[in-house]
Amino acid sequence: MADSSPQHSDAFVFFGATGDLAYKQIFPALQAMIVHGRLDLPIIGVAKSDWTIDQFRERARDSLEKHGSFDAAAFEKLSAQLHYISGDYQDAATYAQLRQALGNAVRPLYYLAIPPSMFAPVTEGLATSGGAQNARVIVEKPFGRDLASAQALNRTLHAAFAEEAIFRIDHYLGKEAVENLLYFRFSNTFLEPIWHRAYIASVQITMAEQFGVQGRGAFYEEVGAIRDVIQNHLLQVMVLLTMEVPMNVDAKAGTAAVQDAILYEKLRVLRAMRPLVPDEVVRGQFKGYRDEAGVAADSQVETFSALRLHIDNPRWSGVPFYIRAGKQLLVTCTEVLVELKPPVHPVFDAGTGHPNYFRFRLSPDVLIALGARTKLPGEAMVGTAASLISHRPPGDEMTPYERLLGDALQGDAGLFTSGEAVEAAWRVVEPILDTTTGTTFSDLVPVVMYDPDTWGPPSADQLMEDGDQWDNPAASEDVRQ
Ligand code: BG6
């Protein structure tokens, strides 16, 4: 079985080296790590294409020019570290070649940037050739299509790697703003007493994208918005907002014991989320989606979904959680709004809506706003809504992929999803997915058409309870104010 010690990996191997993910994310992340002096080890690409090392380097250069702001000095270093193996993933000879290319390396990190159908042959190939020993493996999302396939995938990986050696990527967890949620929650004394059903009226998360499927129609037909971003990215955001305080009496700040406590609490809250019911789900499809390449003329796949979720535990019982994600919406922005209940005995005019809230902007910039009411100048005790804002424009922080690859090389699993957590997240969305029941997904929750450049189908409003309303993020904070 694999070594679970936190020693640094001594080689990086990526399967699917000529593919889209490598082109858009992996090469740019590798270059950035070299620029930051964080990557000095053999980098081996594996793929089927019969390429020479020079062709492979050209591909890397092209990727960096298009996606990674090419840096000549870093590229030179990257080129010198690059190796390329062309081979069939089903063929033992590929793994023998890989073993040879690894040379003296004994703790490789493998990245499976390949279609999920290839995970099993590659894992088996690595295990049979002895390549899984002392190794780590990174697996991309989507991690399965439903609970059963996620469990099967976990079994496949566990046959060759220990859980500690498996790094399931959810790139949202590598975003600064998302980490900031966790930090903000547990580093501020004022929050804990009110972070509770007694004070919080509702929570909503909106992930809006102004663009469509960007040529990924065939991929999107297999997933749809719920599998693409809700089961993973947005449930993870909800977990960070709602988990209990991670406790471990032996833990010192920043240690592995703290991380274990965090993973434990994340899993507990996921398991307290009530599985979805069709009445609390709206699915939409933007008009024009069916004309995209790779999309069926009668596609029932959702490009928008809105859900109402519940957490059945003492902290959150009775608080509605509204989640919404969609393509071709009015802006590109991800925001969380935590609405507080109004004062029980308002002494002054409290205005309309909820007077107090926390708003977290997770993308494209990092912002935390606290909504309050303040008095307007004058004799009358009337007030206005004000926002206390902490705002940081996008800076030179690491991209999620640079951050996550660096962490995996160090054996740091804090920003990755455990096998149990992935399964627990599938359990939440499972009841509305087309799996073993034979009922089709679209029979359960029919897809509703919506116009591009809107906030999706108006029926999403019907999910709101007791006068709650969707809060629509603005493209930029300046516009909002
Ligand atoms: C990906 C989804 O996981 O996340 C895409 O497959 C989505 O459909 C993307 O657009 C959004 O991530 P980010 O970091 O670009 O906001």
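Order of listing sets the numbers, starting from 1, for every ligand and every atom in it.
Residues Pro28 and Tyr23 share a closest heavy-atom pair of CD-O, 3.8 Å. Residues Ala165 and Ala135 approach most closely at CB-O, 3.4 Å, considering heavy atoms. Between Asn154 and Glu423 the shortest heavy-atom distance is ND2-OE2, 2.8 Å.
When each of Asp279, Val281, Asp468, Val282 is checked for a side-chain contact (heavy atoms from CB on, under 4.5 Å) with Leu463, only Val282 meets the rule.
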Report every pair formed by an N or O atom of ligand 1 and a protein N or O atom separated by less than 3.5 Å, giving atom names and the distance to 0.1 Å.
from     : atom 1 : to     : atom 2 : distance (Å)
ligand 1 : 3 (O)  : Lys141 : NZ     : 2.7
ligand 1 : 3 (O)  : His233 : NE2    : 2.7
ligand 1 : 4 (O)  : His233 : NE2    : 3.4
ligand 1 : 6 (O)  : Lys141 : NZ     : 3.2
ligand 1 : 6 (O)  : Arg216 : NH2    : 2.9
ligand 1 : 6 (O)  : Asp228 : OD1    : 2.6
ligand 1 : 6 (O)  : Asp228 : OD2    : 3.3
ligand 1 : 8 (O)  : Arg216 : NH1    : 3.1
ligand 1 : 8 (O)  : Asp228 : OD2    : 2.6
ligand 1 : 8 (O)  : Lys327 : NZ     : 2.8
ligand 1 : 10 (O) : Glu209 : OE1    : 3.4
ligand 1 : 10 (O) : Glu209 : OE2    : 2.6
ligand 1 : 10 (O) : Lys327 : NZ     : 3.2
ligand 1 : 12 (O) : His171 : NE2    : 3.1
ligand 1 : 14 (O) : His171 : NE2    : 2.7
ligand 1 : 14 (O) : Lys175 : NZ     : 2.6

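Taking CG of Asp407 as the reference point, atom CG of Leu415 lies at 5.0 Å (rounded to 0.5 Å).
A search for side chain to side chain contact (heavy atoms under 4.5 Å, CB included) contacts involving Gln210 returns Thr332, not counting sequence neighbours.
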